[in-house]
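Because only heavy atoms are used, hydrogens play no part in the values below, and waters and symmetry mates are left out as well, while side chains stay in. Letters go in sequence order (proteins before strands), and every chain restarts at 1. Predicted, not measured: the structure shown is a model, and the values here were computed from it.
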Amino acid sequence: MAPPAYVRVQMEGKIGGNGFSEDYYIPGGTPSGSQAAAQALVDARLPMLVTQGRIHHVRISPVVPGARSFRFVPTSTQGTDIRLRDEPNGTMTIGAYDSVGRGRVLKFHGVADAQTSYNASGDPVNAIPGSLSNFLSALKAAGGAIRELAVTAGAARTGGGSVISAISVVGNTITFTTAFPMPTAPFKVLVRSCRGFHARDFNGIWTIGGAIAGPPAQLTAGVTRAIQPAAYYAPNTGYMVTADPTAGYTFAPIVSFDGTVNFSSRKTGRPTDAPRGRVSSR
Amino acid sequence: MRLPVDPRCAVCDTLRSCYATMMRFPGFGVYPIVWYFTDTPLLPYENQYNSHNWSREEGWDDLDLGTPGEVWGAPRVYSYGQKPPWVTCGPPLGSAAAWAGLSSAGDESFLVGPPSSAAAFDLGYDLGYES
(Lines give C-alpha, C1' and ligand atoms only; values in the text may rest on other atoms or scores of the structure.)
Protein backbone atom coordinates (compact mmCIF):
# COMPACT_ATOMS: atom_id res chain seq x y z
CA MET A 1 0.00 0.00 0.00
CA ALA A 2 1.36 3.40 -0.92
CA PRO A 3 2.16 5.65 2.02
CA PRO A 4 -0.37 8.41 2.62
CA ALA A 5 0.36 11.83 1.19
CA TYR A 6 1.01 14.38 3.88
CA VAL A 7 0.10 18.02 4.13
CA ARG A 8 1.60 20.73 6.27
CA VAL A 9 -0.82 22.52 8.58
CA GLN A 10 0.57 25.94 9.41
CA MET A 11 -1.13 27.74 12.24
CA GLU A 12 -0.53 31.48 12.12
CA GLY A 13 -1.04 33.14 15.45
CA LYS A 14 -0.35 36.25 17.42
CA ILE A 15 0.15 37.23 21.02
CA GLY A 16 -0.44 40.93 21.40
CA GLY A 17 1.79 42.56 18.79
CA ASN A 18 3.92 39.49 18.16
CA GLY A 19 3.28 36.86 15.54
CA PHE A 20 4.23 33.20 15.43
CA SER A 21 3.53 30.15 13.34
CA GLU A 22 3.56 26.46 14.09
CA ASP A 23 3.81 23.62 11.56
CA TYR A 24 2.30 20.16 11.87
CA TYR A 25 2.26 17.35 9.32
CA ILE A 26 -0.77 15.13 8.93
CA PRO A 27 -1.97 12.69 6.24
CA GLY A 28 -4.18 14.37 3.71
CA GLY A 29 -5.10 14.32 0.08
CA THR A 30 -5.93 17.83 -1.05
CA PRO A 31 -5.36 21.00 0.98
CA SER A 32 -9.06 21.90 1.13
CA GLY A 33 -9.97 18.30 1.91
CA SER A 34 -7.82 18.49 5.04
CA GLN A 35 -9.67 21.47 6.49
CA ALA A 36 -11.69 19.44 9.00
CA ALA A 37 -8.61 17.66 10.33
CA ALA A 38 -6.76 20.98 10.61
CA GLN A 39 -9.72 22.57 12.37
CA ALA A 40 -9.69 19.71 14.90
CA LEU A 41 -6.02 20.42 15.62
CA VAL A 42 -6.77 24.10 16.15
CA ASP A 43 -9.62 23.20 18.49
CA ALA A 44 -7.20 21.11 20.53
CA ARG A 45 -4.54 23.83 20.45
CA LEU A 46 -6.65 26.73 21.71
CA PRO A 47 -7.01 25.50 25.33
CA MET A 48 -3.20 25.70 25.55
CA LEU A 49 -3.17 29.29 24.25
CA VAL A 50 -3.77 32.22 26.58
CA THR A 51 -6.77 34.44 25.98
CA GLN A 52 -4.45 37.25 24.79
CA GLY A 53 -3.44 34.99 21.91
CA ARG A 54 -5.20 34.05 18.69
CA ILE A 55 -4.73 31.64 15.83
CA HIS A 56 -6.09 33.82 13.08
CA HIS A 57 -5.34 31.79 9.96
CA VAL A 58 -4.52 28.24 8.99
CA ARG A 59 -2.67 27.38 5.82
CA ILE A 60 -2.65 23.85 4.41
CA SER A 61 -0.29 22.74 1.67
CA PRO A 62 1.63 19.64 0.57
CA VAL A 63 5.39 19.87 1.09
CA VAL A 64 6.47 19.92 -2.54
CA PRO A 65 7.69 22.85 -4.61
CA GLY A 66 4.90 24.72 -6.34
CA ALA A 67 2.12 23.06 -4.36
CA ARG A 68 -1.33 24.53 -4.02
CA SER A 69 -2.36 25.96 -0.68
CA PHE A 70 -5.65 26.50 1.04
CA ARG A 71 -6.31 29.03 3.76
CA PHE A 72 -9.15 29.30 6.20
CA VAL A 73 -10.05 31.19 9.35
CA PRO A 74 -10.72 28.77 12.22
CA THR A 75 -14.24 28.67 13.59
CA SER A 76 -12.81 29.88 16.90
CA THR A 77 -9.58 31.85 16.97
CA GLN A 78 -9.04 32.98 20.56
CA GLY A 79 -7.07 31.04 23.15
CA THR A 80 -9.01 29.86 26.19
CA ASP A 81 -6.37 29.68 28.93
CA ILE A 82 -7.40 32.56 31.19
CA ARG A 83 -4.07 32.81 33.03
CA LEU A 84 -1.62 35.63 32.28
CA ARG A 85 0.62 35.02 29.34
CA ASP A 86 4.37 34.44 29.30
CA GLU A 87 6.57 36.86 27.35
CA PRO A 88 5.92 36.45 23.61
CA ASN A 89 9.15 34.66 22.75
CA GLY A 90 8.71 32.08 25.48
CA THR A 91 7.79 28.58 24.39
CA MET A 92 6.92 25.31 26.02
CA THR A 93 8.67 22.44 24.26
CA ILE A 94 8.30 18.70 24.12
CA GLY A 95 10.05 16.07 22.03
CA ALA A 96 8.07 13.94 19.58
CA TYR A 97 9.52 10.69 18.21
CA ASP A 98 8.88 8.24 15.40
CA SER A 99 9.11 4.45 15.66
CA VAL A 100 12.90 4.37 15.33
CA GLY A 101 13.58 7.18 17.74
CA ARG A 102 14.10 10.08 15.35
CA GLY A 103 12.70 13.15 16.96
CA ARG A 104 11.47 16.66 16.54
CA VAL A 105 10.96 19.31 19.18
CA LEU A 106 7.50 20.84 19.19
CA LYS A 107 7.43 24.43 20.40
CA PHE A 108 4.27 26.09 21.63
CA HIS A 109 3.93 29.84 21.89
CA GLY A 110 1.41 31.70 23.94
CA VAL A 111 1.41 29.53 27.03
CA ALA A 112 0.65 30.88 30.48
CA ASP A 113 3.42 32.45 32.51
CA ALA A 114 2.54 30.21 35.44
CA GLN A 115 3.08 27.23 33.16
CA THR A 116 6.64 28.16 32.22
CA SER A 117 7.96 28.49 35.72
CA TYR A 118 10.74 27.17 37.89
CA ASN A 119 10.69 25.79 41.38
CA ALA A 120 12.74 27.01 44.33
CA SER A 121 15.68 24.88 43.19
CA GLY A 122 15.73 26.55 39.78
CA ASP A 123 14.44 23.47 37.98
CA PRO A 124 11.66 23.77 35.42
CA VAL A 125 8.24 22.89 36.68
CA ASN A 126 7.83 20.41 33.91
CA ALA A 127 4.66 18.51 34.46
CA ILE A 128 2.72 18.06 31.24
CA PRO A 129 -0.44 20.15 31.50
CA GLY A 130 -3.72 18.49 30.64
CA SER A 131 -4.29 20.81 27.69
CA LEU A 132 -0.96 19.73 26.18
CA SER A 133 -1.78 16.07 26.73
CA ASN A 134 -5.04 16.58 24.92
CA PHE A 135 -3.33 18.32 22.01
CA LEU A 136 -0.68 15.61 21.70
CA SER A 137 -3.39 12.98 21.71
CA ALA A 138 -5.24 14.86 18.98
CA LEU A 139 -2.04 15.21 16.94
CA LYS A 140 -1.30 11.52 17.26
CA ALA A 141 -4.88 10.60 16.43
CA ALA A 142 -4.70 12.78 13.31
CA GLY A 143 -1.66 10.82 12.14
CA GLY A 144 0.78 13.60 12.99
CA ALA A 145 4.23 12.91 11.58
CA ILE A 146 7.85 14.01 11.64
CA ARG A 147 9.26 15.32 8.37
CA GLU A 148 12.52 13.84 7.16
CA LEU A 149 14.68 14.26 4.10
CA ALA A 150 13.88 11.66 1.47
CA VAL A 151 17.56 10.87 0.95
CA THR A 152 19.14 10.12 4.27
CA ALA A 153 22.62 11.22 5.12
CA GLY A 154 22.71 8.45 7.68
CA ALA A 155 23.18 5.82 4.99
CA ALA A 156 26.25 7.67 3.79
CA ARG A 157 27.83 7.81 7.18
CA THR A 158 27.46 4.07 7.71
CA GLY A 159 29.27 3.22 4.49
CA GLY A 160 26.42 2.69 2.06
CA GLY A 161 24.66 4.94 -0.39
CA SER A 162 26.30 8.19 -1.04
CA VAL A 163 29.88 7.89 0.16
CA ILE A 164 32.17 9.47 -2.42
CA SER A 165 34.89 7.03 -3.40
CA ALA A 166 36.89 9.42 -5.60
CA ILE A 167 37.01 13.01 -6.77
CA SER A 168 38.93 14.24 -9.78
CA VAL A 169 39.28 17.64 -11.35
CA VAL A 170 40.15 17.96 -15.05
CA GLY A 171 40.05 21.41 -16.53
CA ASN A 172 36.74 22.99 -15.60
CA THR A 173 35.03 19.72 -14.75
CA ILE A 174 34.91 18.04 -11.36
CA THR A 175 33.86 14.38 -11.21
CA PHE A 176 32.51 12.61 -8.14
CA THR A 177 32.46 8.80 -8.10
CA THR A 178 29.73 7.41 -5.90
CA ALA A 179 26.80 5.03 -5.64
CA PHE A 180 24.49 7.98 -5.11
CA PRO A 181 20.77 7.32 -5.77
CA MET A 182 20.35 9.67 -8.67
CA PRO A 183 17.52 11.80 -9.93
CA THR A 184 17.64 12.87 -13.55
CA ALA A 185 20.31 15.48 -14.16
CA PRO A 186 20.57 18.38 -13.68
CA PHE A 187 20.26 18.35 -9.93
CA LYS A 188 22.24 19.67 -7.01
CA VAL A 189 24.17 17.77 -4.40
CA LEU A 190 25.64 18.85 -1.10
CA VAL A 191 29.12 17.43 -0.55
CA ARG A 192 30.35 17.18 3.02
CA SER A 193 33.19 15.90 5.19
CA CYS A 194 35.88 15.58 2.50
CA ARG A 195 39.32 14.96 3.97
CA GLY A 196 42.78 15.21 2.49
CA PHE A 197 44.95 18.07 1.32
CA HIS A 198 42.78 21.18 0.82
CA ALA A 199 39.88 18.73 0.55
CA ARG A 200 37.47 21.23 2.00
CA ASP A 201 37.53 22.88 -1.41
CA PHE A 202 35.36 19.97 -2.58
CA ASN A 203 32.68 20.55 0.06
CA GLY A 204 29.56 22.50 -0.69
CA ILE A 205 26.79 22.49 -3.27
CA TRP A 206 27.51 21.35 -6.84
CA THR A 207 25.18 21.23 -9.81
CA ILE A 208 25.38 17.84 -11.47
CA GLY A 209 24.72 18.07 -15.19
CA GLY A 210 24.83 15.98 -18.34
CA ALA A 211 24.75 12.20 -18.65
CA ILE A 212 25.71 10.16 -15.62
CA ALA A 213 28.04 7.25 -16.44
CA GLY A 214 28.43 4.19 -14.27
CA PRO A 215 28.23 2.13 -12.20
CA PRO A 216 29.81 3.32 -10.05
CA ALA A 217 28.21 6.60 -10.96
CA GLN A 218 30.39 9.33 -12.36
CA LEU A 219 28.73 12.62 -11.48
CA THR A 220 30.18 15.61 -13.24
CA ALA A 221 29.79 19.28 -12.44
CA GLY A 222 31.31 22.49 -13.69
CA VAL A 223 34.00 23.96 -11.46
CA THR A 224 32.39 27.13 -10.17
CA ARG A 225 34.83 28.06 -7.45
CA ALA A 226 38.54 27.92 -6.75
CA ILE A 227 40.03 24.51 -6.00
CA GLN A 228 43.64 24.27 -4.90
CA PRO A 229 45.50 22.70 -7.88
CA ALA A 230 47.21 20.14 -5.65
CA ALA A 231 44.09 19.34 -3.64
CA TYR A 232 43.89 15.65 -2.73
CA TYR A 233 40.79 13.76 -1.66
CA ALA A 234 41.22 10.86 0.74
CA PRO A 235 38.93 8.16 -0.72
CA ASN A 236 35.65 7.38 1.03
CA THR A 237 35.91 10.17 3.57
CA GLY A 238 33.25 12.48 2.15
CA TYR A 239 29.65 11.89 1.26
CA MET A 240 26.88 13.64 -0.59
CA VAL A 241 23.19 14.17 -0.13
CA THR A 242 20.80 15.52 -2.67
CA ALA A 243 19.85 19.14 -2.70
CA ASP A 244 17.35 18.32 -5.40
CA PRO A 245 13.99 19.94 -4.71
CA THR A 246 12.17 17.14 -6.51
CA ALA A 247 13.50 14.57 -4.04
CA GLY A 248 11.06 15.81 -1.42
CA TYR A 249 10.55 14.52 2.06
CA THR A 250 9.33 11.44 3.80
CA PHE A 251 7.07 11.43 6.82
CA ALA A 252 7.22 9.13 9.83
CA PRO A 253 4.20 8.97 12.14
CA ILE A 254 4.76 10.18 15.69
CA VAL A 255 4.48 7.30 18.13
CA SER A 256 5.70 8.82 21.38
CA PHE A 257 6.46 12.02 23.22
CA ASP A 258 8.81 13.03 26.02
CA GLY A 259 7.48 12.49 29.50
CA THR A 260 8.26 16.04 30.56
CA VAL A 261 8.14 19.49 29.04
CA ASN A 262 10.89 22.06 28.87
CA PHE A 263 10.96 25.76 28.24
CA SER A 264 12.76 27.60 25.52
CA SER A 265 12.38 30.70 23.45
CA ARG A 266 11.78 31.24 19.79
CA LYS A 267 11.78 34.75 18.52
CA THR A 268 8.43 35.94 17.39
CA GLY A 269 8.03 38.33 14.49
CA ARG A 270 5.56 40.83 13.33
CA PRO A 271 2.09 39.33 12.99
CA THR A 272 0.73 38.98 9.50
CA ASP A 273 -2.37 40.95 10.40
CA ALA A 274 -0.43 43.97 11.72
CA PRO A 275 -1.03 47.51 10.45
CA ARG A 276 0.20 47.89 6.92
CA GLY A 277 3.46 49.16 5.55
CA ARG A 278 6.73 50.04 7.16
CA VAL A 279 6.99 52.02 10.34
CA SER A 280 7.75 55.64 9.61
CA SER A 281 11.28 56.70 10.37
CA ARG A 282 10.05 60.09 11.56
CA MET B 1 -2.80 41.42 -20.63
CA ARG B 2 -5.06 38.41 -20.16
CA LEU B 3 -4.37 36.03 -17.29
CA PRO B 4 -6.37 32.97 -16.13
CA VAL B 5 -7.07 34.49 -12.71
CA ASP B 6 -7.57 37.89 -11.14
CA PRO B 7 -7.83 38.17 -7.32
CA ARG B 8 -9.36 41.65 -7.39
CA CYS B 9 -8.17 42.31 -3.81
CA ALA B 10 -9.10 38.86 -2.44
CA VAL B 11 -6.53 37.62 0.07
CA CYS B 12 -4.32 35.09 -1.72
CA ASP B 13 -1.84 34.69 1.14
CA THR B 14 -0.80 36.42 4.34
CA LEU B 15 2.54 38.20 4.45
CA ARG B 16 4.48 40.26 6.94
CA SER B 17 5.89 42.44 4.16
CA CYS B 18 5.23 42.67 0.46
CA TYR B 19 7.45 42.20 -2.55
CA ALA B 20 7.41 42.07 -6.32
CA THR B 21 8.44 38.97 -8.23
CA MET B 22 7.52 36.87 -11.26
CA MET B 23 4.66 34.39 -11.60
CA ARG B 24 4.02 31.75 -14.23
CA PHE B 25 0.48 31.40 -15.58
CA PRO B 26 -0.58 28.38 -17.71
CA GLY B 27 -1.27 29.36 -21.28
CA PHE B 28 0.25 32.77 -20.77
CA GLY B 29 3.80 32.53 -19.46
CA VAL B 30 5.76 34.48 -16.89
CA TYR B 31 4.44 37.85 -15.78
CA PRO B 32 5.58 40.34 -13.11
CA ILE B 33 3.36 40.59 -10.06
CA VAL B 34 3.40 42.61 -6.88
CA TRP B 35 1.98 41.56 -3.52
CA TYR B 36 -0.06 44.23 -1.77
CA PHE B 37 -2.02 44.46 1.47
CA THR B 38 -5.77 44.17 1.47
CA ASP B 39 -8.49 43.67 4.05
CA THR B 40 -10.95 41.70 1.96
CA PRO B 41 -11.96 38.05 2.62
CA LEU B 42 -9.79 35.06 1.89
CA LEU B 43 -9.78 33.56 -1.56
CA PRO B 44 -12.25 30.66 -1.28
CA TYR B 45 -10.26 28.27 -3.48
CA GLU B 46 -7.17 26.13 -3.35
CA ASN B 47 -4.56 28.53 -4.59
CA GLN B 48 -1.64 27.79 -6.88
CA TYR B 49 -0.67 31.45 -6.95
CA ASN B 50 0.53 31.73 -3.38
CA SER B 51 3.65 33.16 -1.79
CA HIS B 52 6.75 31.04 -1.44
CA ASN B 53 7.37 32.75 1.89
CA TRP B 54 5.39 30.00 3.58
CA SER B 55 6.61 27.05 1.57
CA ARG B 56 10.21 27.72 0.62
CA GLU B 57 12.66 25.02 1.67
CA GLU B 58 16.42 24.86 1.35
CA GLY B 59 17.41 24.26 -2.26
CA TRP B 60 14.01 24.93 -3.78
CA ASP B 61 15.05 28.34 -5.05
CA ASP B 62 17.90 26.72 -6.97
CA LEU B 63 15.79 24.93 -9.54
CA ASP B 64 12.68 26.27 -11.21
CA LEU B 65 10.43 23.32 -12.03
CA GLY B 66 8.21 25.24 -14.41
CA THR B 67 5.13 24.91 -12.21
CA PRO B 68 2.43 27.59 -12.21
CA GLY B 69 2.75 30.25 -9.55
CA GLU B 70 5.78 32.14 -8.31
CA VAL B 71 8.93 31.36 -10.27
CA TRP B 72 11.52 29.68 -8.09
CA GLY B 73 14.69 31.73 -7.92
CA ALA B 74 13.12 34.85 -9.44
CA PRO B 75 14.23 38.18 -7.94
CA ARG B 76 12.14 39.41 -5.04
CA VAL B 77 12.08 43.17 -4.57
CA TYR B 78 10.64 44.78 -1.46
CA SER B 79 7.32 46.54 -2.02
CA TYR B 80 5.62 49.01 0.28
CA GLY B 81 2.39 47.05 -0.06
CA GLN B 82 0.11 49.66 -1.53
CA LYS B 83 -2.67 48.50 -3.82
CA PRO B 84 -1.72 49.34 -7.42
CA PRO B 85 -4.03 52.02 -8.81
CA TRP B 86 -5.22 49.86 -11.70
CA VAL B 87 -6.58 47.12 -9.40
CA THR B 88 -10.36 47.06 -9.06
CA CYS B 89 -11.66 45.28 -5.98
CA GLY B 90 -14.53 42.84 -6.25
CA PRO B 91 -15.27 39.13 -6.36
CA PRO B 92 -12.19 37.20 -7.58
CA LEU B 93 -12.24 36.18 -11.22
CA GLY B 94 -11.32 32.68 -12.31
CA SER B 95 -12.79 29.27 -11.63
CA ALA B 96 -11.63 26.92 -8.88
CA ALA B 97 -9.70 25.01 -11.55
CA ALA B 98 -8.01 28.17 -12.72
CA TRP B 99 -6.92 29.08 -9.20
CA ALA B 100 -5.64 25.53 -8.78
CA GLY B 101 -3.43 26.07 -11.81
CA LEU B 102 -5.36 23.49 -13.82
CA SER B 103 -7.00 25.86 -16.28
CA SER B 104 -5.08 28.09 -18.61
CA ALA B 105 -5.48 31.51 -20.14
CA GLY B 106 -6.64 29.68 -23.26
CA ASP B 107 -9.66 28.32 -21.39
CA GLU B 108 -10.62 31.40 -19.47
CA SER B 109 -8.84 34.71 -19.14
CA PHE B 110 -9.32 38.13 -17.71
CA LEU B 111 -7.89 41.53 -18.41
CA VAL B 112 -5.41 42.29 -15.67
CA GLY B 113 -3.59 45.58 -15.26
CA PRO B 114 -3.11 48.36 -17.76
CA PRO B 115 -1.06 47.67 -20.89
CA SER B 116 1.74 49.65 -19.33
CA SER B 117 1.83 47.67 -16.09
CA ALA B 118 4.89 45.67 -17.10
CA ALA B 119 6.72 48.88 -17.93
CA ALA B 120 5.62 50.39 -14.63
CA PHE B 121 7.04 47.34 -12.89
CA ASP B 122 10.36 47.85 -14.65
CA LEU B 123 10.47 51.44 -13.54
CA GLY B 124 10.04 50.43 -9.91
CA TYR B 125 6.52 51.80 -9.57
CA ASP B 126 4.96 51.04 -6.22
CA LEU B 127 7.95 49.04 -5.06
CA GLY B 128 8.63 51.21 -2.05
CA TYR B 129 11.68 52.91 -3.48
CA GLU B 130 12.40 56.23 -1.88
CA SER B 131 13.47 59.08 -4.08
Would you call A:Pro31 and A:Ser69 a side-chain contact if the rule is heavy atoms closer than 4.5 Å?
no
Among residues at least two apart in sequence or on other chains, which ones pass salt bridge (charged side-chain N to carboxylate O under 4.0 Å, His left out) with B:Arg8?
none
B:Pro41 versus chain A, the contacting section by heavy-atom distance below 4.5 Å
neither
Do B:Arg76 and B:Tyr19 meet the cation-pi criteria used here (NZ or CZ under 6.0 Å from the six-membered ring centre, within 45° of the axis)?
yes
For B:Phe25, which residues count as a ring-ring contact (aromatic ring centres under 6.0 Å, His included) partner, sequence neighbours excluded?
B:Tyr49
Heavy-atom pairs under 4.5 Å with chain A are the metric here; pick the option from B:Leu43, B:Val11, B:Leu42 that has the most.
B:Leu42
Tell me, please, whether B:Trp54 has A:Arg71 positioned over its six-membered ring: NZ or CZ under 6.0 Å from the ring centre and within 45 degrees of its axis?
yes
If you tally heavy-atom pairs under 4.5 Å between each of B:Ser55, B:Pro44, B:Cys18, B:Gly69 and chain A, the highest tally belongs to B:Ser55
Residue A:Ser32 versus chain B: region with a heavy atom under 4.5 Å
both
Select one option (side chain, backbone, both, neither) describing which atoms of A:Thr30 are under 4.5 Å from chain B's heavy atoms.
both
